[in-house]
Amino acid sequence: MSKILVTGGLGYIGSHTVVELVNAGYEPVIVDNLSNSNIKILDQIAKIIGFKPVFHELDLSDEKAVISLAAAEPGITGIIHFAAYKAVGESVAMPLKYYQNNFYSLINILQAYTGQPVNLVFSSSCTVYGQPDILPVTEDAPVKPAQSPYGNTKQVAEEILEDVINSGSKLRIISLRYFNPVGAHDSALIGELPIGVPQNLVPFITQSAIGKRGKITVYGDDYNTPDGSCMRDYIHVVDLGKAHVAALKLMETEGYDKGYDMFNLGTGNGTSVLQIVKAFEQSTGEKLNFEIGPRRPGDVEKVWGDVTKSKKVLNWQAELGVDAMMSSAWNWEKYLATNPF
Ligand code: NAD
Ligand code: WQD
């Protein structure tokens, strides 16, 4: 069984990916420092997969800790590197916190494994495209100047990865550029756990519907889109988890010789904020309270991905639509209401 190190494996996307790794016959080894997750997620994962996966609580930005980890876990064949800070607004206020964690963690992992034939999957983001000139945006579209220190960590990380491959590293690396991950596992045992007031649309919607927050503000209805609200490519987190398995499988294919590559992970469709509000109401039967507010500074108007390359090369495509995204996110919110973390 292939042993896969999953950094940030108790986080939102990491926990769902651990489940898909087990479904596909891999042996996950989870690493997390619990800075944005909860140890109870390990038990929740165990309820889904039927056993408690191996877990190391450690800070990947600590070089010595990563060296000890690599020694303690021989035989790693793949790494999925989720661990990073991800709050865009916070990164503007605390850039060094972001540069320190996101870069040190990545570099420590690369240092530890660069001499080994290990397959590395990196969590990148559609944020690297900024506002694309052409939609849907393809992987070869230009990377736009970063809008935040967080976004900058993704852009520079991609450059670091390419440099490492060009230097003759034994690693193989794939960057996955996620669009907007939403939703939760079908079991409603794992999902997103936002700390404080959610900045992202879907967790705010579910918390508003359950009565934890007030009404939702739709940030602007005067954009150049059919209904005036911003458009995004929302992607179900379970589909994302499966894409990580596909990326590992691709790099394991005999004859695979691409050192570094990158793929868009989205559905290929743009959905507006107002369409999301409506889809939530329709798929859950809940009424949402919302008002139109001013634009949120830094928001791009519309972005959705061209997923041709992912379909063709990664052999992966999204299967779940907006209704499944909304109903699963809502089921998770309801689970949390009766089983608080
Ligand atoms: P998350 O915060 O839920 O998960 C990240 C996990 O990494 C957390 O469990 C956190 O405790 C852990 N972590 C952070 N720093 C660590 C460190 N130094 N050592 C050990 N563990 C550490 O975030 P997520 O939404 O699951 O995102 C996963 C990855 O995907 C991140 O790299 C993020 O930037 C990227 N991404 C996320 C989105 C999104 O909207 N969720 C979109 C694009 C890209
Ligand atoms: C989606 C849409 C808002 C909240 C962020 C990061 C990006 C990536 C994904 C990591 C926008 C609108 C939101 C609300 C609203 N993360 N909105 N009212 O901004 O597309 O992307 O997460 O890489 O880097 O920037 O996601 O969920 O915050 O917003 O109207 O209360 O919902 O304006 O149009 P975003 P989001």
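Remember, it's 1-based here, ligands and their atoms both numbered in the order they're listed. All values below were derived from every heavy atom in this structure, side-chain atoms included, with hydrogens, water molecules and symmetry-related copies excluded.
Distance check, rounded to the nearest 0.5 Å: CG of Leu10 to CD of Glu57 gives 9.0 Å. Distance check: Thr308 OG1 to Lys312 NZ gives 8.5 Å after rounding to the nearest 0.5 Å. Rounded to the nearest 0.5 angstrom, Leu5 CG and Leu120 CG are separated by 9.5 Å.
Looking only at protein heavy atoms, the nearest one to atom 34 (O) of ligand 2 is Cys230 CB, 3.0 Å. Nearest non-hydrogen protein atom to atom 25 (O) of ligand 2 is Val88 CG2, 3.4 Å. The protein heavy atom nearest to atom 22 (O) of ligand 2 is Asn200 ND2, 3.4 Å. Counting only heavy atoms of the protein, atom 8 (C) of ligand 2 lies nearest to Ser125 OG, 4.0 Å. Among protein heavy atoms, atom 17 (N) of ligand 2 sits closest to Tyr219 CD1, 3.5 Å. Scanning the protein for heavy atoms near atom 24 (O) of ligand 2, the closest one is Thr127 CB, 3.4 Å. In this structure, the protein non-hydrogen atom closest to atom 18 (N) of ligand 2 is Thr217 O, 2.7 Å. Given atom 9 (C) of ligand 2, the protein heavy atom at minimum distance is Asn180 ND2, 4.2 Å.
Ligand-side atoms of ligand 2 in range of Val273: 2 (C), 12 (C), 30 (O), 32 (O), 34 (O), range being under 4.0 angstrom from any heavy atom. Annotation for ligand 1: atoms under 4.0 Å from non-hydrogen atoms of Gly8 are 6 (C), 7 (O), 12 (C). In summary, the atoms of ligand 1 found under 4.0 Å from a heavy atom of Tyr150, numbered by their order in the structure, are 33 (C), 34 (O), 35 (C), 36 (N), 44 (C). Close contacts between ligand 1 and Ala83 involve ligand atoms 7 (O), 13 (N), 16 (C), 21 (N), 22 (C) [criterion: under 4.0 Å to a heavy atom]. Close contacts between ligand 2 and Val218 involve ligand atoms 30 (O) [criterion: under 4.0 Å to a heavy atom].
With a 4.0 Å heavy-atom cut-off, ligand 1 is reached by no atom of Asn102. Residue Tyr234 touches ligand 2 through its side chain alone, judged by heavy-atom distances below 4.0 Å. Here Leu58 has backbone heavy atoms under 4.0 Å from ligand 1, and that is the only part of it that gets that close. Using a 4.0 Å cut-off between heavy atoms, Ser105 contacts ligand 1 through its side chain alone, with no backbone atom that close.
Electrostatic pairing of Lys40 and Asp43 does not count as a salt bridge here, judged by no charged N lying under 4.0 Å from a carboxylate O. Classification of Asp221 and Arg295 as a salt-bridged pair fails, no side-chain N sitting under 4.0 Å from a carboxylate O.
Comparing heavy-atom distances from atom 23 (O) of ligand 2 across Tyr150, Tyr178, Phe179 singles out Tyr150 as nearest. When the heavy-atom distances from atom 29 (O) of ligand 2 to Arg232, Lys154, Gln199, Arg296 are ranked, the shortest goes to Arg296. In this structure, of Ser124, Ser123, Pro181, the residue bringing a heavy atom nearest to atom 44 (C) of ligand 1 is Ser124. Across Leu201, Thr271, Asp299, heavy-atom proximity to atom 32 (O) of ligand 2 is greatest for Leu201. By heavy-atom distance, the residue among Asp62, Asp32, Asn108 lying nearest atom 11 (O) of ligand 1 is Asp32.
Looking only at atom types and distance, the side chain of Thr138 has no donor-acceptor partner in the side chain of Asp306 under 3.5 Å away. Between the side chains of Tyr99 and Asn152, a donor-acceptor pair is found at a separation under 3.5 Å.
For Lys309 and Phe263, the positive end sits near the middle of the six-membered ring, less than 6.0 Å away and at most 45° from its axis.
Residue contact annotation: Glu192 has no non-hydrogen atom under 4.0 Å from ligand 1. By the 4.0 Å heavy-atom criterion, Leu34 is counted among the residues contacting ligand 1.
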Step by step, would you call Tyr260 with Asp163 a side-chain hydrogen bond (donor to acceptor under 3.5 Å, both in side chains)? CA-CA 9 Å; Tyr260 178 69; Asp163 289 344; over 6 Å; no

Tell me, with the steps shown, if Arg177 and Asn264 meet side-chain hydrogen bond (donor to acceptor under 3.5 Å, both in side chains). CA-CA 5 Å; Arg177 291 173 168 171; Asn264 284 342; 5.0 Å; no

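Counting non-hydrogen atoms of other residues, nucleotides and ligands closer than 6.0 Å to CD of Gln111 gives a total of 12 or fewer.
For the pair Ile210 and Ala337, the tightest heavy-atom approach, listed with the atom from each and the gap, is CD1-CB, 4.0 Å.
A distance of 6.0 Å or more separates the ring centres of Phe82 and His16.
Residues meeting the ring-ring contact (aromatic ring centres under 6.0 Å, His included) test with His236, sequence neighbours left out: none.
In terms of N/O distances under 3.5 Å, ligand 2 is not approached by Ile216. Looking at ligand 2, you won't find any N or O of Lys86 less than 3.5 Å from one of its N or O atoms.
Relative orientation of the Tyr98 and Tyr150 rings is perpendicular, given thresholds of 30° and 60° on the angle between their planes.
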